[in-house]
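Working notes, structure below.
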Amino acid sequence: MKYTVASRGDQLSNDLQETIQTRLNAADLIEDTEEPDIVITVGGDGTLLEAFHAYTHRLEETSFVGIHTGHLGFYADWIPDEVESLVTHIVKTPFQIVEYPTLEVVIRYRDNNSSERFLAVNESTIKSTEGSLVCNVDIKGEKFETFRGDGLCMSTPSGSTAYNKALGGAILHPSLASIQLSEMASINNRVYRTVGSPLVLPQHHTCLLKLLNDVSVQVTIDHFNVSLDGKNVDSIQCRVAEEKVRFARFRPFPFWKRVKESFIGE
Ligand code: NAD
């Protein structure tokens with residue numbers, strides 16, 4: 001089996017990365033950063049998100065597992081003390097795989113009718129960087145509402161505990177192949193009206209955000225800003241992607257237990 005280890009780059013994460021490499025090489029596993037079967041991340045959720053984006057071209061072949069060297073992560077749910085046990089599990093392949101839905105984001109630009117496609121594990125957001133963002137929200141090809149406010153967040157079920165939660169969105173179990181649209185400070189008065197509640201859309205229901213004003217915007221995919229390079233965003237289309245993210249599971253750690261441990265405590 002081919003593996004790679006990605007570190008956040010701090011001393012503790014780098015040391016653990018080296019320990020894992022030594023142990024896996026000794027067990028005759030092959031280190032391969034180009035075509036790994038498993039990517040072990042050491043750091044935090046951000047390290048796992050970065051690793052996901054480095055391997056979006058081979059999601060069917062690559063699984064991810066995360067060790068957190070800071071606080072408990074949602075994706076990085078192994079602690080440094082468990083590294084020996086994790087390595088032993090990895091060596092004894094095959095392992096169980098859990099698949100979570102991802103979000104497909106297509107950004108269309110006014111310039112040259114060009115477009116770009118992205119996948120997100122957590123969410124994509126669009127925010128105005130000056131004044132209010134005004135956009136039509138179409139669902140399944142029908143106009144639903146005109147939004148005016150700071151921005152909108154389109155989240156995956158596993159991302160529902162991240163930015164979406166801070167916006168008052170619901171926590172969704174990742175077995176529900178869906179996307180959640182939540183508002184950032186919508187203006188609601190006699191002129192502008194939005195539904196106000198987060199919306200959960202099932203698979204195959206496309207959400208199209210069509211920009212109506214000329215404000216400059218920031219578009220994010222998980223932890224990074226899309227490089228707009230002066231291009232003008234015309235619309236953003238979101239739906240549940242065909243592709244899934246695969247996590248290597250070596251022990252049960254149910255989603256609701258993770259939610260409880262992250263937000264409520266023991
Ligand atoms: P970061 O270093 O700013 O950390 C953000 C925090 O979000 C970390 O504590 C991380 O563990 C946590 N997190 C990430 N994914 C999560 C998930 N699925 N469920 C629960 N918690 C999660 O940034 P990062 O580590 O690179 O993570 C990027 C993520 O940060 C974005 O995808 C976004 O969801 C989140 N974020 C949240 C807010 C907010 O809550 N107001 C604002 C910006 C970004």
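First listed ligand is number 1; within each ligand, the first listed atom is number 1.
By the 4.5 Å heavy-atom criterion applied to side chains, Asp32 and Thr4 are not counted as neighbours.
Taking the six-membered ring for Trp and the full ring otherwise, the centers of Phe95 and His89 sit at least 6.0 Å from each other. Separation of the Tyr100 and Phe247 ring centroids falls under the 6.0 Å cut-off.
Contact check on Asp229 versus Lys231 returns no salt bridge, with no Lys/Arg side-chain nitrogen under 4.0 Å from an Asp/Glu carboxylate oxygen. We find that Arg249 and Asp77 are joined by a salt bridge, their nearest charged nitrogen and carboxylate oxygen being less than 4.0 Å apart. Here Arg58 does not pair with Glu34 in a salt bridge; the nearest charged N to carboxylate O distance is not below 4.0 Å.
The His71 neighbourhood of ligand 1 comprises atoms 9 (O), 11 (O), with distances under 4.0 Å to a heavy atom of that residue. Short contacts between ligand 1 and Leu49, defined as distances under 4.0 Å to a heavy atom of the residue, involve ligand atoms 27 (O), 28 (C). Listed by atom number, the atoms of ligand 1 under 4.0 Å from Tyr75 heavy atoms are 18 (N). Close approach of ligand 1 to Thr161 (heavy-atom distance below 4.0 Å) involves ligand atoms 17 (C), 18 (N), 19 (N), 20 (C), 21 (N). For ligand 1, the atoms closer than 4.0 angstrom to any heavy atom of Gly46 are 24 (P), 25 (O), 26 (O).
Remark: minimum distance from atom 10 (C) of ligand 1 to any protein heavy atom is reached at Asp45 OD2, 3.5 Å. Nearest protein neighbour of atom 16 (C) of ligand 1, counting heavy atoms only, is Ala162 CB, 3.5 Å.
Here the side chain of Thr129 pairs a donor or acceptor atom with the backbone of Ser216 at under 3.5 angstrom. Side-chain atoms of Asn213 come within 3.5 Å of backbone N or O of Val134 as a donor-acceptor pair.
Less than 4.0 angstrom separates atom 23 (O) of ligand 1 from none of the non-hydrogen atoms of the protein. Remark: atom 4 (O) of ligand 1 lies closer than 4.0 Å to no protein heavy atom. Taking a distance limit of 4.0 Å, we find that atom 7 (O) of ligand 1 is approached by no protein heavy atom. For atom 26 (O) of ligand 1, a protein heavy-atom neighbour is present inside the 4.0 Å cut-off. For atom 34 (O) of ligand 1, the nearest protein heavy atom lies closer than 4.0 Å. Distance screen at 4.0 Å: atom 30 (O) of ligand 1 has no protein heavy-atom neighbour inside the cut-off. For atom 14 (C) of ligand 1, the protein comes within 4.0 Å by at least one heavy atom.
Counting heavy atoms only, Glu123 comes closest to atom 32 (O) of ligand 1 of the residues Lys165, His223, Glu123.
Of the heavy atoms in Ser158, only backbone atoms (N, CA, C, O) come closer than 4.0 Å to ligand 1. Residue Ala166 touches ligand 1 through its side chain alone, judged by heavy-atom distances below 4.0 Å. Only the side chain of Asn122 comes within contact range of ligand 1, with a heavy atom under 4.0 Å; no backbone atom does. Under 4.0 Å from ligand 1, heavy atoms of Tyr163 appear from its side chain as well as its backbone.
The number of heavy atoms from other shown groups lying within 6.0 Å of CG (Asn225) is above 12.
Contact detail for Met184 and Leu167: the closest heavy-atom pair is CG-CD2, 3.7 Å. What you find for Ile67 and Pro80 is that their closest heavy atoms are CG2-N, 4.0 Å.
In this structure, Lys165 is positioned above the aromatic face of Phe263, its NZ or CZ under 6.0 Å from the six-membered ring centre and within 45° of the axis.
Contact between Glu50 and ligand 1 is absent, with no heavy atom of the residue lying under 4.0 Å from the ligand.
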